[in-house]
Amino acid sequence: MDRVNLDGKPIVPISICLIGGGGFIGSHLTEKLMSETSHKAIVIDVSSEKVNHLLDKSHPWANRIEFHQMNIKNDSRLETLVKASDLTINLAAICTPADYNTRPLDTIYSNFIDAIPVIKFCTENNKRLIHFSTCEVFGKTIGSFLPEEYRKEPQYYKLKEDVSPCIFGPVHKQRWSYACAKQMTDRLIYAEHAENGLKFTIVRPYNWIGPRMDFIPGVDGPSDGVPRVLACFSNNLLRGEPLKLVDGGHSQRTFLYIKDAIEAVMLMIDNPDRANGHIFNVGNPDNEVSVKQLAELMIKVYAKVAGVPESSLSTLDVSSEVFYGKGYDDSDRRIPDMTIITKQLGWKPKTSLDDLLDSTLQYQHQTYSHAIKKELSKPST
């Protein structure tokens with residue numbers, strides 16, 4: 001049966017160029033495109049590790065997917081691949097907080113400078129662009145600057161795509177290098193739309209988590225690497241180490257299951273008339289917890305998954321300077337306002353925090369526990 005969009009129109013198969021398509025989000029999106037649609041995927045990334053399971057020639061979709069191993073910096077093939085596609089989805093980014101103030105130049109180049117040719121090629125060739133931004137562009141909430149009694153008012157902490165200001169820390173707090181670079185890219189895309197008619201959609205993810213997120217240090221990533229919070233805590237749990245709470249883990253975040261998130265992106269792909277010209281918050285306001293509460297939940301779930309006593313797992317407070325180095329700063333809360341995406345695409349998240357943690361930690365345990373045990377059993381030199 002032919003697929004139809006939200007307006008009841010048949011969905012015509014298109015060719016989609018996924019830049020950074022071999023990462024966490026890209027692998028789940030490509031999986032969905034191959035298994036449930038007739039779209040073609042041109043996947044570009046520096047590594048195919050997370051999409052190798054989709055590239056086997058025996059799959060029924062083998063003629064609808066191609067992988068190009070390349071770094072988009074100064075690679076002449078990029079424009080050719082964008083030209084050959086109907087839609088470009090740009091997922092390429094350095095998006096790990098540990099890098100923002102230790103590798104600020106790489107962070108700025110990756111998230112702004114490297115995005116410029118992609119935007120230019122889409123504009124010049126009249127190609128549609130779905131660009132992945134971040135909820136970090138909002139920076140700190142207005143509420144964080146107000147007396148405590150005002151902070152419970154939604155207008156001071158809920159983030160609206162078309163209303164909320166972007167408030168960052170001072171320049172020497174290089175943690176904001178990522179958010180500033182992403183915001184400049186958003187502004188460039190909007191300017192290309194306003195002046196040159198670029199057809200765009202901007203996605204602002206709010207802490208999407210699930211299987212294949214980031215890496216586990218020493219197993220499928222550098223031993224001294226510091227991934228984002230879910231993989232960081234997973235690594236601690238797998239090794240039986242205390243979960244490190246930066247500055248007490250008081251920052252609050254909302255978490256969205258990757259499968260729910262991909263449903264939202266699919267609606268953007270298949271409903272261009274509803275998605276073009278919009279910036280979409282994509283998160284789950286109902287899944288808000290402090291980082292400390294997240295750690296406690298993960299301990300509870302992992303103890304059940306791994307069959308170990310909860311009492312064997314613990315947390316440890318560390319300062320942000322010790323954990324991330326000088327120049328770190330943080331935002332207090334990030335609650336997405338969901339009005340625009342609900343109105344335009346009818347999308348709502350489904351998966352509770354308990355369910356997504358259960359699914360994700362089962363994957364982490366099954367995928368990594370044997371390798372970690374093997375590594376820990378090696379005699380230290």
Side-chain angles (χ1 to χ4, degrees), residues 23-25 27-29 31-32 50 95-98 134-135 205-217 219-221 226-246 248-265 281-317 323 333-336 338 347-373:
F24 165 52
I25 297 170
S27 67
H28 285 277
L29 179 55
E31 211 167 59
K32 185 91 167 172
K50 293 182 181 181
C95 52
T96 307
T134 171
C135 60
Y206 283 70
N207 300 287
W208 297 3
I209 61 177
R212 300 198 292 271
M213 183 178 182
D214 293 348
F215 59 90
I216 296 298
V219 179
D220 55 0
V226 182
R228 285 170 288 185
V229 67
L230 179 97
C232 237
F233 284 172
S234 296
N235 182 45
N236 297 144
L237 291 167
L238 286 158
R239 295 175 188 277
E241 300 169 349
L243 282 63
K244 292 177 180 173
L245 302 177
V246 175
H250 298 302
S251 294
Q252 290 173 265
R253 295 289 183 267
T254 59
F255 294 93
L256 175 67
Y257 190 41
I258 186 65
K259 306 281 187 194
D260 291 352
I262 295 304
E263 293 287 350
V265 180
N281 284 339
V282 185
N284 189 338
D286 295 331
N287 283 351
E288 188 194 19
V289 285
S290 70
V291 173
K292 183 177 182 179
Q293 288 170 322
L294 177 70
E296 289 164 352
L297 271 172
M298 287 181 72
I299 284 173
K300 185 178 170 187
V301 173
Y302 188 77
K304 185 179 73 174
V305 166
V308 297
E310 269 185 61
S311 57
S312 68
L313 306 167
S314 62
T315 61
L316 175 70
D317 286 3
F323 193 81
R333 293 179 86 178
R334 291 194 207 126
I335 313 272
M338 305 300 289
W347 177 83
K348 286 183 181 173
K350 300 171 189 159
T351 312
S352 70
L353 189 57
D354 284 343
D355 286 348
L356 74 85
L357 287 178
D358 186 62
S359 167
T360 304
L361 287 174
Q362 282 195 45
Y363 170 86
Q364 301 286 59
H365 182 68
Q366 287 164 10
T367 307
Y368 295 109
S369 59
H370 181 68
I372 294 277
K373 275 179 193 162

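No hydrogens, no waters, no symmetry mates; every other heavy atom, side chains included, goes into these values.
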**Item:** Short side-chain to backbone donor-acceptor contact, Asn287 and Leu256, under 3.5 Å
**Value:** no
**Request:** Go through Leu356 and Asp260 one step at a time and tell me if the side chain to side chain contact (heavy atoms under 4.5 Å, CB included) criterion holds.
**Result:** CA-CA 10 Å; Leu356 74 85; Asp260 291 352; over 6 Å; no
**Complete:** side chain to side chain contact (heavy atoms under 4.5 Å, CB included) filter on Asp355, not counting sequence neighbours, yields Thr351, Ser352
**Prompt:** Passes side chain to side chain contact (heavy atoms under 4.5 Å, CB included), Leu230 versus Leu357? Steps please.
**Reply:** CA-CA 9 Å; Leu230 179 97; Leu357 287 178; 4.1 Å; yes
**Request:** List for me each residue that meets ring-ring contact (aromatic ring centres under 6.0 Å, His included) alongside Tyr257, sequence neighbours excluded, and say none if there are none.
**Result:** none
**salt bridge (charged side-chain N to carboxylate O under 4.0 Å, His left out) partners of Lys304, counting only residues at least two apart** = Asp358
**Fill in**
Output for pair (Ile258 CD1, Leu29 CG), nearest 0.5 Å, gives 8.5 Å
**Complete:** Residues Leu238 and Gln364: closest non-hydrogen pair is CD2-O, 4.0 Å
**Message:** Checking Ser314 now: which residues fulfil side chain to side chain contact (heavy atoms under 4.5 Å, CB included) with it, not counting sequence neighbours?
**Reply:** Pro242
**Complete:** Output for pair (Leu243 CG, Asp317 CG), nearest 0.5 Å, gives 11.5 Å
**Message:** What I'd like to find out is whether the side chain of Asn284 reaches to under 4.5 Å of the side chain of Leu353, using heavy atoms alone.
**Reply:** no
**Complete:** Here the pair of heavy atoms bringing Trp347 nearest to Met338 is CZ3-CE, 3.2 Å
**Fill in**
Correct closest heavy-atom pair for Lys244 and Phe233 would be O-CE2, 3.3 Å
**Request:** For Glu296, check salt bridge (charged side-chain N to carboxylate O under 4.0 Å, His left out) against everything at least two apart and list the hits.
**Result:** none
**Phe24 side, atom CZ; Lys50 side, atom NZ - distance, nearest 0.5 Å** = 8.0 Å
**Item:** Name of the residue among Arg334, Arg333, Arg253 meeting side chain to side chain donor-acceptor pair (under 3.5 Å) with Glu288
**Value:** Arg333
**Contact summary for Tyr206 and Ile335, nearest pair of heavy atoms** = CE2-C, 4.1 Å
**Closest contact, heavy atoms only, Val282 versus Trp208** = O-NE1, 2.8 Å
**Request:** Determine, step by step, whether Val246 and Val291 satisfy the side chain to side chain contact (heavy atoms under 4.5 Å, CB included) criterion, reporting the C-alpha distance in whole Å, the side-chain angles of both residues, the deciding distance to 0.1 Å, and the verdict.
**Result:** CA-CA 9 Å; Val246 175; Val291 173; over 6 Å; no
**Prompt:** Rounded to the nearest 0.5 Å, what separation is found between the OG atom of Ser359 and the NZ atom of Lys259?
**Reply:** 7.5 Å
**Message:** Which heavy atom of Gly283 sits nearest to which heavy atom of Pro349, and what is that distance?
**Reply:** O-CG, 3.7 Å
**Message:** Could you work out, with salt bridge (charged side-chain N to carboxylate O under 4.0 Å, His left out) as the rule, every residue matching Lys32, not counting sequence neighbours?
**Reply:** Glu36, Glu263
**Message:** Before you tell me yes or no, could you show the steps for Asp286 and Thr254 under side chain to side chain contact (heavy atoms under 4.5 Å, CB included), namely the whole-Å CA-CA distance, both residues' side-chain angles and the distance that decides it to 0.1 Å?
**Reply:** CA-CA 7 Å; Asp286 295 331; Thr254 59; over 6 Å; no
**Message:** Nearest 0.5 Å, please: how far is CG in Leu245 from NE2 in His250?
**Reply:** 8.5 Å
**Request:** Calculate, to the nearest 0.5 Å, the distance between atoms CG and CG belonging to Leu361 and Leu237 respectively.
**Result:** 6.5 Å
